[in-house]
Visitor: 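Mind looking over this structure? Questions follow.
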2 protein chains.
Amino acid sequence: MYDLIIIGGGPAGLTAGIYAKRARLNTLLVEKGALGGQIALTDVIENYPGFPSISGWGLMEKFEQHARGFDLEIKVLEVLDIEDKGKYKLVKTSEGDLETKTVIIATGAKPRYIGAPGEKEFIGKGVSYCATCDGPFFKAQDVLVVGGGDTAVKEAIYLSKLAKKVYIAHRRDQLRAEKIIQEKALSTPNIEMLWSHIIEEIKGGQGVEKAVLKNLKDNSAKEINVTGVFIFIGVNPNTDFAHVEKDKNGYIITNQSMETSIKGIFAAGDCRVTPLRQVSTAVGDGAIAAFIAEKYVEEV
Amino acid sequence: MYDLIIIGGGPAGLTAGIYAKRARLNTLLVEKGALGGQIALTDVIENYPGFPSISGWGLMEKFEQHARGFDLEIKVLEVLDIEDKGKYKLVKTSEGDLETKTVIIATGAKPRYIGAPGEKEFIGKGVSYCATCDGPFFKAQDVLVVGGGDTAVKEAIYLSKLAKKVYIAHRRDQLRAEKIIQEKALSTPNIEMLWSHIIEEIKGGQGVEKAVLKNLKDNSAKEINVTGVFIFIGVNPNTDFAHVEKDKNGYIITNQSMETSIKGIFAAGDCRVTPLRQVSTAVGDGAIAAFIAEKYVEEV
């Protein structure tokens with residue numbers, strides 16, 4: 001019987017692990033893929049206080065080392081279901097059942113698909129959701145970035161250093177990204193904005209060759225020749241396995257103590273309803289979730 | 001007219017500064033004393049993810065450098081009052097009035113006094129609220145620590161490396177500190193626990209010589225010979241100047257977006273009602289407060 005099982009090894013989960021181990025909770029962190037979460041795929045992070053500029057991967061390595069320094073137990077497995085047994089929870093996983101007094105869900109979120117013809121067909125053949133992973137394959141080629149938020153524009157800037165030309169297609173006529181990022185993108189010579197455009201189809205043979213775009217202002221269509229399409233139109237929370245109260249998009253609803261609708265089950269980081277999803281906020285969430293979980297364990 | 005004035009230069013305020021400057025807000029951070037806040041007075045911090053062990057001062061230096069890297073304007077002055085003028089706020093300070101569209105209150109908290117006879121008389125002559133500041137004056141002497149929470153026990157451990165003997169007087173018969181810290185204190189040979197004891201008087205001549213304690217279990221009194229008394233029984237929020245909704249202890253009430261009862265005024269960090277007060281949580285608060293302040297500025 002564990003005191004605490006943390007589901008997810010991104011910034012929120014690893015921070016919860018640090019706090020839980022310092023509080024001497026018998027803790028297991030489980031992760032179905034690689035540690036670090038979405039941020040580990042980010043080229044550079046410049047707004048986690050204390051590190052003016054570091055790669056997402058490098059920062060997550062530091063988090064992992066920090067947590068392992070407190071002997072946090074980490075297992076690679078997938079959680080399929082959590083059954084509330086009152087005083088304990090039964091966590092059903094790909095490797096069998098686990099018993100624990102408390103659970104922190106810190107499973108983050110995954111990229112959202114456009115749903116355009118050709119998108120799924122060309123995944124791994126030109127369609128990508130991670131510039132850091134796939135950018136280097138498009139050196140001196142023309143690529144399209146879809147989206148207008150922080151991630152889309154940051155990744156476009158990153159790609160502009162590798163590709164010959166980067167188009168950004170955004171459905172609105174202004175960006176949602178942080179202004180400092182916007183300015184950087186708009187002043188980058190090989191980035192071209194396609195305002196009020198949506199992607200209608202991705203075409204090609206062995207790999208992507210063209211993207212078909214529609215102009216929402218005049219309904220005109222246009223084709224651009226690109227070999228890569230990078231899609232950053234948002235993320236969906238990884239919360240299908242969790243039967244706690246959620247909002248219409250699947251994000252877990254918590255109070256300020258990270259408590260969900262089920263006692264002893266907490267949520268932290270990108271997977272919960274929160275005004276902002278950053279390493280900074282995930283860290284705050286993870287610390288609170290572990291602190292409140294420890295209080296719960298002492299009381300049960 | 002500023003877009004944002006951040007009041008307080010601790011972890012929450014400096015993080016808000018980083019986010020606000022990245023969002024291109026015309027931002028001023030004001031601090032009435034030294035930057036860094038309470039944490040800058042802490043010997044070692046081991047639970048801010050990414051830094052397995054660093055001095056509070058050293059970490060806050062990194063935060064300050066990070067914020068100054070984005071050209072955050074910082075002024076030393078004291079805020080006396082904030083007047084809500086609707087679309088803008090008038091911030092009355094020791095150096096005159098300032099106009100701003102939004103305010104983030106990140107003023108933290110200050111130590112609580114016991115109120116025992118001799119306490120105020122001997123401040124700076126043996127009575128202290130900061131072991132890092134004053135500990136070195138008590139080398140090879142006997143000292144008393146009052147309190148049972150994280151700060152009290154951590155500071156007692158720190159003092160045990162300097163002083164000959166460290167008593168910890170705590171009103172309860174168990175500590176509230178994190179278990180890892182408790183274990184460390186209880187296994188330190190020159191730390192002696194005085195369970196269920198409160199301090200009744202501090203006596204001395206030029207400096208502290210004795211502490212008079214009462215045992216709450218049997219009402220007996222005892223005197224111990226100490227030259228230092230370090231008091232860590234909690235903190236009060238620095239919020240007297242702010243006329244927003246607060247709880248009975250003076251902590252500012254916010255929602256999860258750090259919004260107070262007055263539109264355009266936000267609170268972040270130790271000064272607000274929150275389940276946990278740590279650098280980790282202050283950082284999350286500061287990021288959210290600046291992000292929501294920026295949205296507010298765009299809308300007004």
Side-chain angles (χ1 to χ4, degrees), chain A residues 11-12 14-15 17-19 21-25 46-54 58-70 177-183 254-259 272-276 278-292 294-295 298, chain B residues 11-12 14-19 21-25 46-54 58-70 178-183 254-259 272-276 278-292 294-295 298:
Chain A
L14 289 168
T15 301
I18 290 168
Y19 272 80
K21 290 299 291 187
R22 286 176 61 84
R24 293 290 189 228
L25 292 186
E46 296 184 344
N47 57 11
Y48 180 64
F51 294 96
S53 187
I54 188 169
L59 184 61
M60 285 306 100
E61 254 190 346
K62 286 187 186 288
F63 274 46
E64 182 187 343
Q65 283 162 10
H66 196 161
R68 288 196 190 271
F70 293 113
E178 276 188 318
K179 288 209 178 57
I180 191 169
I181 298 169
Q182 289 194 29
E183 287 166 16
T254 75
N255 60 14
Q256 294 206 25
S257 293
M258 307 303 143
E259 292 166 327
R272 78 175 188 100
V273 177
T274 172
L276 182 63
Q278 295 275 298
V279 175
S280 296
T281 55
V283 155
D285 283 11
I288 292 170
F291 175 76
I292 302 291
E294 196 249 340
K295 281 191 165 180
E298 280 187 2
Chain B
L14 289 169
T15 301
I18 290 168
Y19 273 80
K21 289 299 290 186
R22 286 176 61 84
R24 293 289 190 228
L25 292 186
E46 296 183 343
N47 57 12
Y48 180 62
F51 294 97
S53 188
I54 188 169
L59 184 61
M60 285 307 99
E61 253 189 348
K62 286 186 187 290
F63 274 45
E64 182 187 343
Q65 282 163 10
H66 196 160
R68 288 196 191 271
F70 293 113
E178 276 189 317
K179 288 205 179 61
I180 192 168
I181 298 168
Q182 289 194 27
E183 287 165 17
T254 75
N255 60 14
Q256 294 205 25
S257 293
M258 307 302 143
E259 292 165 328
R272 79 174 187 101
V273 177
T274 172
L276 182 63
Q278 295 274 297
V279 174
S280 297
T281 55
V283 155
D285 282 11
I288 292 170
F291 175 76
I292 303 292
E294 195 249 338
K295 282 190 163 181
E298 280 187 3

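By convention in this document, chain letters (A, B, ...) are assigned in the order of the sequence lines, proteins followed by strands, and residues within each chain are numbered from 1.
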Visitor: Below 4.5 Å from any heavy atom of chain B, which atoms of E294(A) appear? Answer side chain, backbone, both or neither.
Guide: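 The side chain, not the backbone.
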Visitor: Side chains of Q278(A) and Y19(B): does their closest heavy-atom pair fall under 4.5 Å?
Guide: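 In short, these two side chains touch, coming nearer than 4.5 Å.
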Visitor: Identify which of L25(B), T15(B), T274(B), I181(B) forms the greatest number of heavy-atom pairs closer than 4.5 Å to chain A.
Guide: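 The option with the most such pairs is T15(B).
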Visitor: Rounded to the nearest 0.5 Å, how far does CD1 of I288(A) lie from CG of L276(B)?
Guide: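 Reported to 0.5 Å precision, the distance equals 6.0 Å.
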Visitor: Examine whether an atom of E64(B) lies under 4.5 Å from a heavy atom of chain A, and if so say whether it belongs to the side chain, the backbone or both; otherwise answer neither.
Guide: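 E64(B) has no heavy atom closer than 4.5 Å to chain A.
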Visitor: Measure distances from V279(B) to the heavy atoms of chain A and classify the residue's part below 4.5 Å as side chain, backbone, both or neither.
Guide: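 For V279(B), no heavy atom lies under 4.5 Å from chain A.
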Visitor: Contact part of E46(B) toward chain A, heavy-atom cut-off under 4.5 Å: side chain, backbone, both or neither?
Guide: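 Interface part for E46(B): both.
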Visitor: Which one wins on heavy-atom pair count under 4.5 Å against chain B: A287(A), P275(A), A282(A)?
Guide: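 Top count of heavy-atom pairs under 4.5 Å with chain B: P275(A).
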Visitor: Among I18(A), L59(A), N47(A), which residue has the highest count of heavy-atom pairs closer than 4.5 Å to chain B?
Guide: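 Ranked by contacts with chain B, first place is N47(A).
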Visitor: Where does A23(B) contact chain A at under 4.5 Å (heavy atoms): side chain, backbone, both or neither?
Guide: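 Answer is backbone: N, CA, C or O of A23(B) sit under 4.5 Å from chain A.
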Visitor: Got a donor-acceptor contact below 3.5 angstrom from the Q65(A) side chain to the P52(B) backbone?
Guide: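 Not confirmed, Q65(A) side chain does not pair with P52(B) backbone.
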Visitor: Do you know which of M258(A), K295(A), K179(A) has the most heavy-atom pairs with chain B at a distance under 4.5 angstrom?
Guide: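 Going by pairs under 4.5 Å, I would pick K179(A).
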Visitor: Given that the side chain runs from C-beta out, which part of F70(B) has a heavy atom under 4.5 Å from chain A: side chain, backbone, both or neither?
Guide: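 Answer is side chain: those atoms of F70(B) sit under 4.5 Å from chain A.
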Visitor: Can you name the one residue among R22(A), K21(A), R24(A) that meets salt bridge (charged side-chain N to carboxylate O under 4.0 Å, His left out) with E178(B)?
Guide: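 So, applying the salt bridge (charged side-chain N to carboxylate O under 4.0 Å, His left out) to E178(B) and each of R22(A), K21(A), R24(A), only R22(A) qualifies.
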Visitor: Between G50(B), S53(B), A67(B), which has the largest tally of heavy atom pairs under 4.5 Å with chain A?
Guide: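 It is G50(B).
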Visitor: Working to the nearest 0.5 angstrom, can you tell me the gap between F51(B) CZ and H66(A) NE2?
Guide: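 Reported to 0.5 Å precision, the distance equals 10.5 Å.
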Visitor: V273(A) versus Q256(B): any side-chain heavy-atom pair under 4.5 Å?
Guide: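 The answer is no, as the side chains (C-beta and beyond) never meet within the 4.5 Å cut-off.
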Visitor: Within a strict 4.5 Å, meaning less than it, do heavy atoms of the L14(B) and P49(A) side chains meet?
Guide: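 A side-chain contact under 4.5 Å is absent here.
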Visitor: Quick check for you: among G284(B), S280(B), G286(B), which has the greatest number of heavy-atom pairs under 4.5 Å with chain A?
Guide: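 Max contact count across the listed options: S280(B).
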